[in-house]
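Fair warning: this is a prediction, and the values are worked out from it, not measured in the lab. These values consider heavy atoms only, across backbone and side chains, with no hydrogens, waters or symmetry-generated copies.
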Amino acid sequence: MTETTVQHLPWRDTSLPDRERAARLAEQMTLREKVAQLFGVWVGASSEGGQVAPHQHDMKEPVPLEDLLPSGLGQLTRPFGTVPVDAGMGALSLMRTQQRIAESNRFGIPAMAHEECLAGFAAWGATAYPVPLSWGATFNPELIGRIGAAIGTDMRSVGVHQGLAPVLDVVRDARWGRVEETIGEDPYLVGSIASAYIRGLEGSGVVATLKHFVGYSASKAGRNLAPVSVGMRERADVLLVPFEMAVQESGVRSVMHAYTDIDGVPSAADRSLLTGLLRETWGFNGTVVADYFGISFLKELHRVAGSLGEAAAAALTAGVDVELPTVDAFGDHLLAELEAGRLDESVIDTAVLRVLTQKIELGLLDPDWSPVPAALAGLDPEDPAAVRGSVDLDRPENRSLAAEVAEQALILTANNGILPLTAPGRIAVVGPNADNPMAFLGCYSFPAHVGVQHPEVAAGIELPTVAASLRAEFPDSSITVTAGCTVDGPETDGFAGAVAAARDADVVVAVLGDRSGLFGRGTSGEGCDTESLVLPGVQQQLLETLMDTGAPVVLVLLTGRPYALGRASADAAAVVHAFFPGEEGGPAIAGVLSGRVNPSGRLPVSVPASPGAQPSTYLAAPLAQTSDVSSIDPTPAFAFGHGLSYSSFEWSGFALEGPAEFGVDGETSVSVTVANTGARDGVEVVQLYLHDPVASVVRPVQRLAGFARVPLAAGASARVSFAVPADAASFTGRNGVRIVEPGELELRLGVSSTDIRATAGVTLTGTVREVDHTRRLHCPAEVSPLD
């Protein structure tokens, strides 16, 4: 491109600031061209490498691309995640479509392509990593950052620009079907892990998207897309905290509004949330995208708009920039509002400037932009045979990373000494998930999300079952396998065979749990809420029948949420929690049972003792604890942060190293020595909790403020120190402003929220201090190995 051309087309001049380039381009666009940048079209890639085709789905009729492309197009929705397609052919299809889009509009603007990436790139043949609830169980942000980078690298290589992840909703009611998509029930854990994932994804060149802003997980009775009634303080101090952390620390460039309303105001139409808080207070300058069909829901579900035009105007005015998944309210309905003068064009200008700036950041308007993705570089697009099978989205290094995460996420919840198993002669593997390859996958994995609609197509990835993995792990053992029952059916016909297998075995491995799915087609997943936290179907009955045989029962749970386990919490020989641990989950489970893997996961959610004591999380005020005036006891069977190891650890030398009294703008520090006194290498997870004995508003009894994952060789020790700024004790005061209050504070170090090993009382001095989003968000940990 010549210098004269660059001057004529300043939006292609890379020497100018991105925002200025975007503004120069927007000045040249018609109103219809601007609006065209504010919506997506749901498409599916061609399995033959041709251009994408509009997707036929339940909510809307497909949109003819030829009618839209002359004005441009903002987004392409899920070209890889709509139907099974070879990755190479999908990349070729997307490439040809991008070329057509750019050639069809007078400015040569391609579309952004987005995909789901909650537990891996949601494409056929791509690595299925553990679900986010397992991320939380690792207590290892650095590891989860590596997942984000790996997923982003694969997505970017085939031409995808944006990923709709992670989910930052904090679990408030475990009956909610989407618990598997969350990172846990503590906002600090959620924010820390999610921010690491985002840094990995963004660092690979893919735009991350925070979901769901805000309150979605706090719906009444744990029902999906149900009303949310939370107070100002719960919203600010629990639900908003992970989003606040991510915006401040991760470099995230997109946010997705929640479907739900809070106190009657839908998030998609809440200007105080999407503009006032997110942009004006927190300083976010990326794009806000709609959750799928969320704009039309303002009319159809929330009924705060009388027409789709009103819904479009309300969302844009609130701060939503892009309608997904496909054009509806933001098309002709929006144009009609503008032409009638009911919406000022400046609102459109604001949104299109953000969208174009993001496209420029991604290089889509650079003079040397090419539709050819990295995965197809050097291949002849006219030779589909050479392209097909050329892109591997499940490379050995991906599977190795998936295995590492699965191993670190597995939680040994209980163990009477039976684990690790020592050369058992006869193993009975019983349960509906014992030999089920889909049992490791969450509802947003491609095989569960899309693949189940195409049973004629193979999963595209290897999924070794628990039974197969145990055969590989214990080649000298005699292993029998029987389901006993289905995941959620009422039939008990298989109990007799399960009992016979158990009585003939040295140990029973009972593999129970969930089936992921969508909108009632599973026992866990989006739209798969539950009335009670009893294991689905007759699985609890099967479990107790197995324990009644007298054979030692090792319970392995492949689930998307915690369940009450009845007497198995105490009577099972061992309990292992595996929250949909991905494609390498089977070998990881077998490794924990054999001792090849020393378990180090910790519970990111409490495991209830009673199936009906919901909603209940560890992050609760005094009145939410057990009492003599209620017959419901919410005390968990296994607490948040709990997890066992095959190593033993000794804590000593606890010290308050900083001042016992410090100002409301100061800090102190605490430390402890942790020694591995066992015979094998292991990991201890040191957790810092804050307890505020007296405050001007009701506070949780305690809350997580920091953690350190401490790997120690056998016989080794380390000094673990936490710097504790006064900001960590902040909360929302009675006037709605976040404050640090003078008074007493207790610092607690423990191995779980109910197993505190050391405490120190400190006093904050001075007067009440107001703080905001720029406050210090972490109690940073330092681990120093000792000789």
Side-chain angles (χ1 to χ4, degrees), residues 170 186-189 191-192 230-245 248-249 277 281-282 617-625 640 654-672 686-708 720-750 753-754 756-782:
V170 180
D186 179 87
Y188 181 78
L189 178 67
S192 300
V230 298
M232 164 190 71
R233 196 158 289 101
E234 182 178 356
R235 191 183 92 144
D237 292 353
V238 177
L239 303 177
L240 282 172
V241 168
F243 294 93
E244 187 178 19
M245 290 177 68
Q248 298 305 312
E249 300 178 351
L277 179 64
T281 299
W282 290 353
T617 78
Y618 100 96
L619 198 68
L623 288 184
Q625 314 298 311
F640 172 85
F654 174 75
L656 178 66
E657 295 187 332
E661 292 189 5
F662 56 101
V664 292
D665 58 353
E667 73 168 51
T668 190
S669 61
V670 291
S671 65
V672 69
V686 181
Q687 301 161 40
L688 171 67
Y689 294 89
L690 299 188
H691 167 63
D692 194 344
V694 179
S696 56
V697 299
V698 174
R699 304 290 298 131
V701 172
Q702 62 182 352
R703 58 188 178 88
L704 186 71
F707 56 87
V720 182
S721 302
F722 291 92
V724 185
D727 287 4
S730 68
F731 59 86
T732 301
R734 294 193 178 196
N735 62 355
V737 175
R738 182 172 288 277
I739 60 173
V740 179
E741 205 169 58
E744 295 180 354
L745 189 69
E746 189 173 273
L747 312 180
R748 300 174 171 179
L749 290 181
S753 57
T754 57
I756 302 301
R757 300 294 175 84
T759 62
V762 298
T763 302
L764 301 181
T765 60
T767 59
V768 172
R769 170 175 161 254
E770 295 185 358
V771 296
D772 58 18
H773 61 285
T774 63
R775 70 191 183 280
R776 295 173 64 182
L777 298 171
H778 295 273
C779 295
E782 181 177 341

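- A distance of 8.0 Å separates OH of Y689 from OG1 of T754, quoted to the nearest 0.5 Å.
- T668 approaches P659 most closely through the heavy-atom pair OG1-O, 2.9 Å.
- Counting heavy atoms from C-beta on, the side chains of L690 and Y188 never come closer than 4.5 Å.
- E667 contributes atom CD, which lies 14.0 Å from atom CZ of F722 (distance to the nearest 0.5 angstrom).
- T765 places none of its side-chain heavy atoms less than 4.5 Å from the side chain of P742.
- Side-chain contact between T763 and E661: present, with at least one pair of heavy atoms (C-beta onward) separated by less than 4.5 Å.
- The closest donor-acceptor contact from the side chain of S753 to the backbone of F640 lies under 3.5 Å.
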message: Go through it in stages, so that I can follow the logic: the residues are T281 and D772, the test is side-chain contact (heavy atoms from CB on, under 4.5 Å), and I'd like the CA-CA distance, side-chain angles, deciding distance and then a yes or no.
response: CA-CA 9 Å; T281 299; D772 58 18; 6.0 Å; no

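- Counting only distance, with no hydrogens or angles, the side chain of H773 and the backbone of E244 share no donor-acceptor pair below 3.5 Å.
- Looking at R233, its side chain does come within 3.5 Å of a backbone N or O of T732 through a donor-acceptor pair.
- A donor-acceptor pair under 3.5 Å is formed between the side chain of R734 and the backbone N or O of S696.
- Formation of a donor-acceptor pair under 3.5 Å by the D237 side chain with backbone atoms of F731 is not found in this model.
- By the 4.5 Å heavy-atom criterion applied to side chains, P187 and L619 are counted as neighbours.
- A 4.5 Å side-chain heavy-atom check between E746 and Q702 finds every atom pair outside the cut-off.
- Residues V664 and T767 have side chains not in contact (no heavy-atom distance under 4.5 Å, counting atoms from C-beta outward).
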query: Does the pair V672 and R757 meet the rule for a side-chain contact (heavy atoms from CB on, under 4.5 Å), with working shown?
result: CA-CA 10 Å; V672 69; R757 300 294 175 84; over 6 Å; no

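- Considering all non-hydrogen atoms of both residues, G733 and V697 come closest at C-CG1, 4.2 Å.
- Distance alone, capped at 3.5 Å, places no donor-acceptor pair between the S730 side chain and the V740 backbone.
- Remark: E744 CD is loosely packed, at most 12 non-hydrogen atoms of other residues, nucleotides or ligands lying under 6.0 Å away.
- Each of R775, R769, R776 was scored for a side-chain hydrogen bond (donor to acceptor under 3.5 Å, both in side chains) with D727, with one residue passing: R769.
- Side-chain contact between V724 and V762 is absent, with no heavy-atom pair separated by less than 4.5 Å.
- No donor-acceptor pair closer than 3.5 Å links the side chain of E657 to the backbone N or O of S671.
- Considering CD of E741 and CG of L764, their distance stands at 9.5 Å, rounded to 0.5 Å.
- L704 has its side chain within reach of Y618: a pair of non-hydrogen atoms, C-beta onward, lies under 4.5 Å apart.
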message: Set out, in order, the CA-CA distance, both residues' side-chain angles and the distance that settles side-chain contact (heavy atoms from CB on, under 4.5 Å) for W282 and L240, then state yes or no.
response: CA-CA 11 Å; W282 290 353; L240 282 172; 4.0 Å; yes

- request: Start with the C-alpha distance between L749 and V686, add both sets of side-chain angles, then the distance that settles side-chain contact (heavy atoms from CB on, under 4.5 Å), and finish with yes or no.
  value: CA-CA 7 Å; L749 290 181; V686 181; 4.3 Å; yes

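- Within 6.0 Å of CD in E770 there are 12 or fewer heavy atoms belonging to other residues, nucleotides or ligands.
- Between the side chain of S669 and the backbone N or O of G658 there is at least one donor-acceptor pair closer than 3.5 Å.
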